[in-house]
**Student:** 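The structure's right below; bear with me while I get my questions together.
We name chains A, B, ... by the order of the sequence lines, and we start the count at 1 in each one.
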Amino acid sequence: MPTFTLIHFQFLCWAALWTVGLSAIAFVGGGIVGFGVALARISSTRWVRILATAYIQVVQGTPLLILLFLFYFGIAIVGFKEVPAIFAAGLGLTIYSSGFLAEIWRGCIESVPKTQWEAAECLSLSSWQRLTRVILPQAMRIATAPTVGFLVQIVKNTSLASVVGFVELSQAGKLVNNSIFEPFTIFMVVAAIYFVLCYPLSTWSRSLERKLNVGRR
Amino acid sequence: MTYQFDFAALLPYWREFAMGVWLTLQLSFVATVLGFVLGTLCAIGRSDGAPWVKALVACYVEVIRNTPLLVQIFIIYFGIATLGLHVDANVAAVLALVVNVGAYTSEIVRAGLESIHKSQLEAAECLGLSRPQTYWHVIVRPAIERVYPALTSQYVLLMLASSITSQISAEELTAVANRIQSDTFRSFETYIVVGVLYLALSFVVRIAFWLFGLVVFVRRRKLGTAL
Amino acid sequence: MSAVVSLTNVEKSFGAVKVLNGVSFEVARGEVAAVIGQSGSGKSTALRCINALETIEGGQIMVCGHAVHDPKLDKKTLRRDVGIVFQSYNLFPHLTAEQNIMLAPTCVKGIGKAAARDLAREVLARVGLEAKADHFPEQLSGGQQQRVAIARSLAMQPKLMLFDEVTSALDPQLTGEVLKVMEDLARGGMTMILVTHEMAFARKVASKVIYMHQGTVWETGPGAMLDDPKTPELRAFVGSGL
Amino acid sequence: MSAVVSLTNVEKSFGAVKVLNGVSFEVARGEVAAVIGQSGSGKSTALRCINALETIEGGQIMVCGHAVHDPKLDKKTLRRDVGIVFQSYNLFPHLTAEQNIMLAPTCVKGIGKAAARDLAREVLARVGLEAKADHFPEQLSGGQQQRVAIARSLAMQPKLMLFDEVTSALDPQLTGEVLKVMEDLARGGMTMILVTHEMAFARKVASKVIYMHQGTVWETGPGAMLDDPKTPELRAFVGSGL
Amino acid sequence: DTLDEIKKRNKILIAVDLGSPPFGMTDGNMQPIGSDVESARLFAAELGVPLEIVQVTSPNRIPFLLTGKADMVMASFSVTDERKKVIDFSDPYGVIQIVVAGPKSLAVKDIKDLVGKRLGTTRGSSNDKEATTQAQGAEMVRFDDDATLITALVSGQVNLMASSPQVMQAVNARRPNDPLEVKLVLKTNPYAVGLRKGDDALREAVNKVIAANLKNGKLNEIYTRYNGTSLPEEMLK
Ligand SMILES: Nc1ncnc2c1ncn2[C@@H]1O[C@H](COP(=O)(O)OP(=O)(O)OP(=O)(O)O)[C@@H](O)[C@H]1O
Ligand SMILES: Nc1ncnc2c1ncn2[C@@H]1O[C@H](COP(=O)(O)OP(=O)(O)OP(=O)(O)O)[C@@H](O)[C@H]1O
Ligand SMILES: [Mg+2]
Ligand SMILES: [Mg+2]
């Protein structure tokens, strides 16, 4: 009768590496797409704004589980059969995090006072210069804490990548459970690994927030 | 290979979909109400409780926020059973969701509480209000009004996250979808339909919150401040 | 003794900084005392000590028969007798003017809703704001907010009112509105202590002026004392204040 | 025509409210025009229209040869010729004083870093702040921030400077610092339009005073006109303003 | 077609559910084992191509097959008429019973005794369908995989389960002191390889392999090793 052994623990740790990898992909991809969507969201062109809003609403209003599923098999239906799971999972997670990051960052950009835009405009900076030289440096300070906070959500949500056959930490936990039937031990260990991954991020995000608030006072 | 979509195959299952939507709404509603109460109490405890209360709440919030809901659900569902109690899957699901969303709520509400200026407390104190009266009239209500948009988003996420409770046999929308798709093997169609249903549900939740806000926060309504 | 308020050698520090260094003065029933002095001289702190918002380290404070220095003081009954109005109004933003006023009477005195509403209308009328009962603070100008804050204190029918620079956040016109309300109160016989930078008002309304300097009472006297300062400090202060 | 700025029948509404109702005036090269008037009379709006921060609905605005009313206006070249300074400074908080000043010359004119730094030092010296080049805005007093804001505009070598109540957020001492800089500029021959509440300054420095009332120009004339108002409105305004 | 494609890429992708012991599971070293896994190895060897196992779960095995992420599915896939509408099946290579199992202490004589009991099963499986139609009056409790079902039974969240004897044995292996027993047999289902519709060449090839290996006893040997009983006589002919 098998019990929980070091081998299982190693197996979980390897899977946790995939969790980390998937999170990185989702974060980088979501960051790039999300930035574009955030800009579109505050664009002066009406239909671009509407489109970006719709995108955000749809992404935020659909469970990640369903998003991942539709993406993975949707790509195949469109005709790309050889797409590896990592790509589809990465894409699904990218879309998911871009929707949320775009909304977070839009808020941060808009929290920079309108007078800063005006002052930059009066110095005849182009709109791109206004954004990159004046607004973003200020918005970034505000954005760091919630962004790191959202990173924690991504790490946890990669657990859903199992629906497209990805063996990351949660799926690995289930696999181990299937072979030794000790759900309690296994899920406690899985929870502990997630905690080890996420807690430093949470703490970091909070300390950033505190620093920022002190700076403002 | 081209895939032939056939949504008509799902038509006979409309009753199942409806039941799934209904249970999802019920789970979310109960979890929202209870989670809100738990979260608010925790927020008050953490900002103004005895040291051990603060430590306890901090611990609870950290553990919950840094582990996935799925894992929490398993631990609660099987944990209760190991204690020798039998609870209905829906009850366990609600319990897990409440424990989960309570932690997030407490963080949001705490931010609201901290945003209430100290001078407001002094003003209440000078008018002779007792501590509980001050808390209720001067701190909690305006604090919640201030963080209401953040709370709305959190409870939309809760509704979406309730899909995970299918894993412990709650027959909500995702569970229904999984059953229907293994019945019909019409997986894509099923998931597309379910995706649209969730999207609609999230709008319903948002609108419900908006209406509730209109009723409760008179000032916002009168001043026309967007919620 | 007819003194409504008496401070005797009151001492108070924040950390290492001694802010009140033996402050003594008395205010009799129906008197209007104006506390003046430079920024940082401890005026606000003295006022806050009278209302038990700060605990003192030495000396005695008697207010309407309550021993404020006593650690066993029942703050709740003290505050039924004492109303305070701050520079920053501190109205409750989520309540209308009327609700702001009704809150304490209903919660603390247990008055019924209808009676509290009548009371609110009455005190609002006294500050000339009957028409704004249903407005929220952010719909009111600074002067109107300050008058609502005064009305809120009045609704508790205090025996003593404290005002801490209630006009400094206001522009001259709004200041006028608020000062008028305070003059009416003074005429009505309310005992009042006010911290103010409005020398003209102090001169006109105050029956007693208390000049604080470096945490002590440097000079006291009637309003006329401002025209004939005895100490060089007060002379410098009055000179600069014009 | 030597007019650097000319407004002809300018109209502007916000929603249903007509804020500018046919405003016309001219400012010649080297002239210093002071715009005065009650709060809400449209002074700031007029200034913002000159700089194309607001689009107008009727009338014409010519600024240094640019047709500002023209929808095809090239705002970038207009703004090279026009500098504006606001009441709230609007410095970029993430940049030092020097970097604030260098930003536009390097970005817009493509000047090299070193040259831009020299330029920044030079204009900082003109406003008397050489020593503060490496300070961030929040490390500076209000008056110093306002002077950096002026220097930032000067670095673009505008032909026309607009000032919108640049001293109202400052206490009297800081106001003095800023007014001195503006006086220097005026002496140096800079064309300037300033919205101000400082009547004394307007009298002393302005070669032309424009009194606005209810969205129109009510009276114009030299600084001396303030001592001898023709319209009852200006008389009331000057009377109250003292 | 798919058979050519398999030859061309010199690799066969077989989807196996590693969450349903003893058909598919992992051993102490987290390597895939089970009767479906070994059968898959056998089939690949017979077809002369290397094997790649694609891990699936019961909800996603059909999409995997239909979108071409797997060439065929071997996941104790019971043959039903409804399923035949969407995919094709090979000839059966094994059988699976649907039983109701529970602890000795619980008396269940026939289907009516299930009324009011909490009966666990895996969502969307043929067990689910069979139990739902036969055991009217029982409270159905559905889980996503066998492991969760077993955990629920062991921890007392359900009284009985509608599953296979193989799953029951897996439970008994974990809890020798309070073994489960088969209370009722609801149905015996043959299971087969799932294939995309129209993949006739591949189906022929697979059928040939199945026929040959049923005859020479290799499939029965694998089945017996993992299930403890032999395949029914009529299949082996
Ligand atoms: N909560 C506090 N903690 C530490 N120091 C304080 C606190 N409150 C006041 N002080 C200090 O005590 C001194 C007196 O403050 P107080 O507010 O009584 O002065 P004030 O006379 O009211 O001045 P102002 O005219 O500026 O209101 C000041 O030096 C102030 O910095
Ligand atoms: N963006 C805006 N939207 C709507 N109304 C505006 C806007 N900006 C200004 N107004 C209105 O236009 C009128 C004129 O405003 P403006 O700022 O030009 O006055 P001002 O003469 O500069 O007054 P002040 O001395 O108070 O600065 C005011 O009634 C103001 O409320
Ligand atoms: Mg003070
Ligand atoms: Mg203005």
**Student:** Measure the CZ-CG distance between R142(E) and N178(B) for me, rounded to the nearest 0.5 Å.
**Tutor:** 12.0 Å
**Student:** So for R61(E), is it side chain, backbone, both, or neither that comes closer than 4.5 Å to the heavy atoms of chain B?
**Tutor:**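 For R61(E), neither part sits under 4.5 Å from chain B.
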**Student:** Does any heavy atom of chain E fall under 4.5 Å from the side chain of F74(B), the backbone, both, or neither of them?
**Tutor:**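 The side chain, not the backbone.
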**Student:** Kindly check if the number of other-residue, nucleotide or ligand heavy atoms within 6.0 Å of NZ (K54(B)) is above 12?
**Tutor:** yes
**Student:** Checking heavy atoms, do the side chain of A175(B), its backbone, both or neither come under 4.5 Å from chain E?
**Tutor:**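 Both backbone and side chain.
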**Student:** Could you look at Q167(B) and say if it's the side chain, the backbone, both or neither that has a heavy atom under 4.5 Å from chain E?
**Tutor:**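 For Q167(B), backbone and side chain are both near chain E.
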**Student:** Using heavy-atom distances under 4.5 Å, tell me whether K129(E) contacts chain B through its side chain, its backbone, both, or neither.
**Tutor:** side chain
**Student:** Going from CD on E139(E) to CG on D88(B), what distance comes out if it is rounded to the nearest 0.5 angstrom?
**Tutor:**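 Result: 6.5 Å between the selected atoms.
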**Student:** Check whether more than 12 heavy atoms from other residues, nucleotides or ligands sit under 6.0 Å from atom OH of Y60(B), and answer yes or no.
**Tutor:** yes
**Student:** Would you find a donor on one side and an acceptor on the other, under 3.5 Å apart, between the side chain of R123(E) and the backbone of S166(B)?
**Tutor:** yes
**Student:** Counting neighbours of CE on M19(B) that are heavy atoms of other residues, nucleotides or ligands and sit closer than 6.0 Å, is the number greater than 12?
**Tutor:** no
**Student:** Counting neighbours of NZ on K197(E) that are heavy atoms of other residues, nucleotides or ligands and sit closer than 6.0 Å, is the number greater than 12?
**Tutor:** yes
**Student:** Flag the pair Y77(B) / T151(E) as yes when at least one side-chain heavy-atom distance between them is below 4.5 Å, and no otherwise.
**Tutor:** no
**Student:** State which residue, out of T148(E), V158(E), L149(E), V141(E), fulfils the side-chain contact (heavy atoms from CB on, under 4.5 Å) condition with S169(B).
**Tutor:**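 Looking at T148(E), V158(E), L149(E), V141(E), the match for S169(B) under the side-chain contact (heavy atoms from CB on, under 4.5 Å) is V141(E).
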